[in-house]
Amino acid sequence: MTMLDRAQCAALDAKDPLAFARARFDVPEGLVYLDGNSLGALPRATADHLSAVVRNQWGQDLITGWNKHGWVDLPRRLGAKIARLTGADQDEVVVCDSTSLNVFKLLSAALALQPGRRVILSDTGNFPTDLYMAQGLADLLGRDHRLELVTPEAVAGRIGPDVAVVMLTEIDYRTGRRHDMAAINRLAKAAGVLTLWDLAHSAGALPVDLNGTGADFAIGCGYKYLNGGPGAPAFLFVAKRWLNETRQPLFGWFGHAAPFAFETAYQPKAGIDRFLVGTPPVLSMAALECGLATFDDIDLIEIRRKSLALGDLMIRLVAQECAGAGLTLASPTDGGQRGSQVSYAHDCGYAVMQALIARGVIGDFRAPNLMRFGFTPLYVRYQDIWEAVAILKAVLAGAEWRRPEFSQRAAVT
Ligand SMILES: *Cc1c(COP(=O)(O)O)cnc(C)c1O
């Protein structure tokens, strides 16, 4: 394979049909940000919009803002935007709570539909909070539900008549490996198993087709690829066929049929609103609204094309520039099997990542030894990948990463 240089990478940016979208963000000058899979960059519109919501809406209109500014509709309004990104209908998605809580709500709803089955099937690569929520729920239910974990490759073969729900994260947060959502949904349906997909690393990163593939339930994150800001509210999806069949166990007043009737007995609202619990966090939702607006007029096919091109470029440049430097690719080389990130194992991955961050290349680290680089096609450029690999090469070649301060683990890695 021919060698690539910086000018060739810059030339790819000149031809990039998504290049215009970077202006929708405030990415600090001189920084290479490859961690939008953990926290999306700040959209340019967010600060002014938040300021207007605080000063004009809250400040001037106070309680009347709930009706006057449609605060009360935010969960559905934002849900409709996420529906477009995930292949759902507008009345199947709502924005609320955190991903963890939404796992709890939807897993409860799904288990209640499967009274004779006791197995919650997931894989060993799933994100711990999803697994913890399932364990806590099984304990709470006290009906012998059992979380069973198999390797990602073994999931399809384990789907069977004793399984109530198969709960998977489509894109593995560590390696970027992608599950075949369509195939799993097909197998599940044939065995009477319900599916619950975590789209934390999918929504906004690649086209998702929840209805086209027959998914039952899904949840996802607002602060990663959707650019909603730190701790942004999450979302959930319930397929129309289950909307009025299911209930979730957190009977909050925002899920009540008539919250402002103030009745003493709970009665769920029809449709997706019954999955709401309490008052929506309006300021956080205002920020998420700006995050979602960065996808306006953007074709997810273009996002996917560029995401894979950025990942392929990273893999190729690391092979070219950093051979023999102790890095092992931990992500699939085949783009079809991969989400929007590339990870490398390195014995001292934490320290190497801290040294990179000190030089302005921001990725992150996932224990025990993975350095993660995420690609957010709306604002990452091909030249950023060149820059990141050039700095990675320099960091690995020198002794810099061995400095003691780079081995000091922070609370968030
Ligand atoms: C980021 C992430 C979460 C986060 O859940 P929170 O409740 O928002 O903290 C959950 N699941 C997966 C797969 C994630 O990647």
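Whatever order the structure lists them in is the order used to number ligands and atoms, beginning at 1. Quantities reported herein were computed from a predicted structural model and do not represent experimental measurements. When a residue number appears, it is its place in the shown sequence, counting from 1.
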Practice task
With heavy atoms only and a cut-off of under 4.0 Å, state how D130 meets ligand 1: side chain, backbone, both or neither.
Solution key: side chain
Problem - Electrostatic pair D139-R143, nearest N-O below 4.0 angstrom - result: no
Exercise for the section: Run the numbers for me: atoms of ligand 1, each under 4.0 Å from some heavy atom of T129, listed by number. Expected result: 5 (O), 10 (C)
Problem - Element-labelled atoms of ligand 1 that are located less than 4.0 Å from some non-hydrogen atom of S98 - result: 7 (O)
Handout entry: Separation between CG of L370 and OH of Y173, rounded to the nearest 0.5 Å
Key = 9.0 Å
Exercise for the section: In plain terms, say whether R366 and D364 are close enough for a salt bridge, that is, a side-chain N and a carboxylate O under 4.0 Å apart. Expected result: yes
Practice task
Report the part of T99 in contact with ligand 1, treating N, CA, C, O as backbone and CB onward as side chain, heavy atoms under 4.0 Å; options are side chain, backbone, both, neither.
Solution key: both
Practice task
Please identify which atoms of ligand 1 are closer than 4.0 Å to at least one heavy atom of K224.
Solution key: 1 (C), 2 (C), 3 (C), 14 (C), 15 (O)
Problem - Numbered atoms and elements of ligand 1 in range of Y223, under 4.0 angstrom, heavy atoms - result: 1 (C), 4 (C), 5 (O), 6 (P), 8 (O), 9 (O)
Problem - Minimum-distance protein heavy atom relative to atom 7 (O) of ligand 1 - result: S100 OG, 2.6 Å
Problem - D26 and R44 ion-paired at < 4.0 Å - result: yes
Handout entry: R304/D299 salt bridge by N-O under 4.0 Å criterion
Key = no
Fill in the blank from the handout: atom 11 (N) of ligand 1: closest protein heavy atom, distance to 0.1 Å, is D198 OD2, 2.8 Å
Fill in the blank from the handout: For T169, the ligand 1 atoms with a heavy-atom partner under 4.0 Å come out as 13 (C)
Handout entry: Salt-bridge present (D16, R381; N to O < 4.0 Å)
Key = no
Completion exercise
Counting from 1 in the order shown, the ligand 1 atoms closer than 4.0 Å to a non-hydrogen atom of H201 are 15 (O)
Exercise for the section: Answer yes or no: is there a side-chain heavy-atom contact under 4.5 Å between Y344 and L392? Expected result: no
